[in-house]
S.K.: 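Okay, handing you the structure first.
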Amino acid sequence: MGQDANLIRIDGLSEATLRALMTRAEAFIKGAPAANIPKDACVSTLFFEPSTRTKLSFQRAAQRLGVDMLSFDVANSSTRKGETALDTFRNIEAMGVDVFVVRHHEDGAVDALVAHANKGTRFVNAGDGRSNHPTQALLDMMTLQQNKGQDFTQLRVAIVGDVKHSRVARSDYQALALLGVQDIRVCGPTQLLPAADDMPRAQLMDRLDDALDGVDVVMTLRLQRERMEEGLVDSLENYHANFGISEARLARAAADAIVMHPGPMNRGVEIEDAVADGPQSRILQQVRNGVYARAAVLERALRGTCD
Ligand code: CP
């Protein structure tokens with residue numbers, strides 16, 4: 001019991017486990033009840049970074065499973081008095097929490113907590129640094145499957161934006177590769193592209209029109225505004241002109257291409273309103289899937305096994 005039921009990263013998962021989580025999430029959409037969750041089970045969020053979608057959808061998922069959930073509010077917590085993340089975790093763990101859902105700005109922060117946890121305490125990574133956002137990848141793969149079917153091998157997928165600094169892009173890439181996607185195009189300004197060995201199966205591209213040519217799926221990423229302060233992007237206007245998804249740009253993709261975005265969106269920067277709210281957008285479908293994807297992940301963690 002314990003480690004096997006954690007979800008820290010997509011890397012290292014088997015395709016069978018990823019597909020089993022997707023199947024379970026789909027069953028929850030159809031109204032399946034939770035199974036074999038211990039009585040009095042308790043989940044706690046432990047978010048040291050802001051979140052709207054991830055945190056609330058985990059809360060909704062816990063309600064759906066009928067388990068208690070504590071919600072840690074960093075802004076009003078004793079971290080303001082200097083308490084460390086590790087001490088914060090240990091104190092909440094001592095209250096009898098079974099599963100922690102953790103978000104932290106540092107890469108590897110969740111692994112560090114795992115190393116200090118009691119036997120039997122389980123973890124779900126809700127985003128660490130630039131590294132991993134596995135439940136976002138799970139809900140994104142569900143959204144792809146709902147729109148494009150179970151066979152991922154023929155899909156052409158473009159991931160567009162600040163890929164280098166994106167934990168969503170990293171986890172999505174790993175999930176796409178695991179599910180057999182052959183044509184993964186990663187596009188952005190050269191300075192925001194990942195190292196080639198970070199995403200070895202992807203084609204790295206710096207021309208959006210080439211990246212969108214004939215694709216079935218456009219995964220757009222939020223441009224983090226601190227990239228301007230770091231001098232990595234000269235202006236939002238230029239970024240939009242070169243890498244923003246507009247209706248005209250989207251016309252280069254397949255006629256039935258879908259557009260995804262993990263949120264929060266910078267409307268008018270990486271995506272235009274007409275696309276974000278248009279017929280090819282699946283952005284709110286992603287959000288809806290998040291509740292069920294996270295219910296599947298929490299159920300697995302609470303049961304303490306990966307079967
Ligand atoms: N997609 C995502 O992680 O959104 P939040 O930061 O609002 O949780």
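Counting starts at 1 for both ligands and their atoms, in listed order.
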S.K.: With rounding to the nearest 0.5 Å, note down the distance linking CE in Met205 to CG in Asp210.
M.R.: 5.5 Å
S.K.: Residues around ligand 1, heavy atom under 4.0 Å from any ligand atom, sorted by chain and number. Can you pull those?
M.R.: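 Residues near ligand 1: Ser51, Thr52, Arg53, Thr54, Arg103, His133, Gln136, Pro262, Gly263.
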S.K.: Can you see whether His240 engages Glu272 through a side-chain donor-acceptor pair at a distance of less than 3.5 angstrom?
M.R.: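 Judged by distance alone, the side chains do pair up.
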S.K.: Supply the atom-to-atom distance Asp273 CG to Glu247 CD, rounded to the nearest 0.5 angstrom.
M.R.: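 Going from the CG atom of Asp273 to the CD atom of Glu247 covers 10.0 Å.
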S.K.: Between Arg130 and Asp162, does a salt bridge (Lys or Arg N to Asp or Glu O under 4.0 Å) hold up when you go through it step by step?
M.R.: CA-CA 11 Å; Arg130 301 171 178 181; Asp162 179 5; over 6 Å; no
S.K.: Are Phe58 and Phe47 an aromatic pair by the rule of ring centers under 6.0 Å?
M.R.: no
S.K.: In this structure, which one of Asn125, Asp111, Asp128 forms a side-chain hydrogen bond (donor to acceptor under 3.5 Å, both in side chains) with Arg9?
M.R.: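 Of the listed residues Asn125, Asp111, Asp128, the side-chain hydrogen bond (donor to acceptor under 3.5 Å, both in side chains) partner of Arg9 is Asp111.
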